[in-house]
There are 2 protein chains.
Amino acid sequence: MIGRPPATTHAEIEVAAFDLFARRGFAGTTLEHIAQAVGVGKRTIFRYYPSKNDILWGQFDDSLARFAETLHEMPADMPVFEAVYRGIVDFNRFDGQVIDHHRERMALILRTPELQAHSAIRYQQWRRVIEEFVADRLDQNQSSVIPVTAGHVGLALALSAYESWLGSDGPSLEDELERVFEGLGQLMVLRE
Amino acid sequence: MIGRPPATTHAEIEVAAFDLFARRGFAGTTLEHIAQAVGVGKRTIFRYYPSKNDILWGQFDDSLARFAETLHEMPADMPVFEAVYRGIVDFNRFDGQVIDHHRERMALILRTPELQAHSAIRYQQWRRVIEEFVADRLDQNQSSVIPVTAGHVGLALALSAYESWLGSDGPSLEDELERVFEGLGQLMVLRE
DNA sequence: AGATTAATGGCACTCAGCGCCAAATGTCAA
DNA sequence: TTGACATTTGGCGCTGAGTGCCATTAATCT
């Protein structure tokens, strides 16, 4: 490769930041701390991540592409929202090796106020993937009611499952998703 | 009242800020601008609102109490999630005089990235109200699956309706909520 | 008039984030 | 081996949100 070689990597920054966040808290960790831990200038951190909030989201953009793929691979005769549900389950499947790390990461993201707020931006991208899929399947406009609702409700399911998952240490994420989905079914039936 | 009289009010700050946000954009408006418009020190603004993000949310805390009341006034034999749905509709009923203002406010909140992010914090409080109500009705713990899911899904419905409402200028917010709710029903039925 | 009470607002600070640009550090061609 | 070139680094200085501190101001009460 030509030019001056990079002094660090996204992964290295993420690891260092993760460690500091866990030990000193998110707010208690300045970008200066992270930069020093990595052995790089503060200015450089910003070249790798647009903001302190984004560090923990790592490769989320790649994941989104994978999510879209997963959805589009669902059998064409499967009911839309079931496809969405299964897509969400697939999207949140992690190997035993990384699941612990994923849990800690999500605990930070879902329980740190600043990160909670920032997540809304990421969730939006995630919802768009569902919207697009549902709109495509039902041959509707992406901004019409059903696709938008599917996106929001899909997110609602995922977040509910994550909260339950983080709150206890028994069931797997997949189990929690199923329980939540079933719960929604009950709620809807209860309406009649 | 004893002591030095206040130099301004929450309402005055809100009006001034709202005007500036509409004209110069949220990011383009500094707290210094708002302070000058109100004729007060920047430091004082922070005594009335904890952050720039919070100004537009005004009396939200009071609204929450009203929301909780509305829910608890629902007939005891009404199915839980229908009660939640009706509570949301009631909560979002506004007089013809204030509806235009409410629309502009929500457009700002839902379309400005910084505010979108910050809203997550407020939504959380709002969800808690639903959680509490549902938990109470079903005699479950507030943090168990059904109440949490009801909170998230309730929010999903409200946000979907607001997006539709802001996107077109025909139907009322109440109509949009009904369409969204019906849409969710379709999605769920489609699963079978 | 003087004591008391409560709000104001200035000052100095920290930290996130950005624009700018010179310096550093590699590769490649002659 | 040397010099041109490409690319990243990181320092500097700035803006703007938000906080702690505290003297000042402006009311009321005795």
Side-chain angles (χ1 to χ4, degrees), chain A residues 1-21 23-58 108-109 112-122, chain B residues 1-21 23-58 108-109 112-122:
Chain A
M1 209 204 313
I2 202 170
R4 177 174 176 171
T8 182
T9 61
H10 285 87
E12 193 185 6
I13 294 174
E14 195 185 325
V15 169
F18 195 96
D19 179 56
L20 287 171
F21 291 161
R23 288 194 292 118
R24 324 168 57 133
F26 182 80
T29 304
T30 70
L31 280 166
E32 201 65 60
H33 292 147
I34 301 174
Q36 281 182 6
V38 179
V40 99
K42 177 186 119 182
R43 194 66 188 75
T44 297
I45 301 287
F46 279 108
R47 278 213 190 75
Y48 285 79
Y49 292 97
S51 81
K52 185 180 166 186
N53 289 325
D54 285 297
I55 298 180
L56 282 185
W57 285 87
L108 262 173
I109 289 180
T112 306
E114 300 94 315
L115 290 175
Q116 243 172 50
H118 178 74
S119 303
I121 312 290
R122 297 314 192 104
Chain B
M1 210 204 314
I2 204 171
R4 176 174 177 170
T8 182
T9 61
H10 285 86
E12 193 186 5
I13 294 174
E14 194 184 325
V15 169
F18 195 95
D19 179 57
L20 286 170
F21 291 161
R23 289 194 291 118
R24 321 168 61 134
F26 183 80
T29 304
T30 71
L31 279 166
E32 201 65 61
H33 292 146
I34 302 174
Q36 280 181 8
V38 178
V40 100
K42 177 186 118 182
R43 195 65 187 75
T44 298
I45 301 288
F46 279 108
R47 278 212 193 75
Y48 284 79
Y49 291 97
S51 82
K52 185 181 168 186
N53 289 325
D54 284 297
I55 298 180
L56 282 186
W57 285 88
L108 262 172
I109 288 180
T112 305
E114 300 95 315
L115 290 175
Q116 243 172 51
H118 179 73
S119 303
I121 312 290
R122 297 316 192 103

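Atom set for the values below is all heavy atoms of this structure, side chains included, hydrogens, waters and symmetry mates excluded. So you know, we letter chains A, B, ... as the sequences are listed, proteins then strands, and number each from 1.
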ask   = When we call it a touch if two heavy atoms are under 4.0 Å apart, what does B/Gly3 touch: a base, just sugar-phosphate, or nothing?
value = base
request  = Would you mind classifying the nucleic acid contact of A/Thr30 as base, sugar-phosphate or nothing, using non-hydrogen atoms under 4.0 angstrom?
outcome  = sugar-phosphate
Using atom [atom1] of [X] as one end and atom [atom2] of [N] as the other, report the distance to the nearest whole Å.
X	N	atom1	atom2	value
A/Arg43	D/dT9	CZ	C1'	10 Å
A/Ile55	C/dG17	CD1	C1'	12 Å
B/Glu114	D/dA17	CD	C1'	12 Å
A/Phe46	C/dG19	CZ	P	12 Å
A/Lys42	C/dC18	NZ	P	11 Å
A/Leu31	C/dC18	CG	P	11 Å
B/Ile2	D/dA26	CD1	C1'	11 Å
A/Glu32	C/dT14	CD	C1'	12 Å

message = Check the orientation of B/His10 and B/Tyr48. Use parallel for under 30°, tilted for 30 to 60°, and perpendicular for over 60°.
response = perpendicular
ask   = Looking at A/Tyr48, does any N or O in its side chain come under 4.0 Å of the phosphate oxygens OP1/OP2 on D/dT9?
value = yes
key: D/dT9 phosphate, OP1 or OP2, under 4.0 Å from A/Thr44 side-chain N/O   = no
message = Using 0.5 Å steps for rounding, measure from the OG1 atom of A/Thr44 to the CG atom of A/Leu31.
response = 12.0 Å
inquiry  = On the six-membered ring of A/Phe26, is A/Lys52 placed so that its NZ or CZ lies under 6.0 angstrom from the centre and within 45° of the ring axis?
reply    = yes
ask   = So does B/Arg47 reach the base of C/dG9 with its side chain, donor to acceptor, closer than 3.5 Å?
value = yes
Taking every non-hydrogen atom, the tightest pair across B/Ala7 and B/Glu12 = O-OE1, 4.2 Å
Closest contact, heavy atoms only, B/Phe21 versus B/Leu108 = CB-CD1, 4.0 Å
ask   = Which sits closer to the 5' end of DNA chain D, A/Gly39 or B/Ser51, going by the nucleotide each is nearest to?
value = A/Gly39
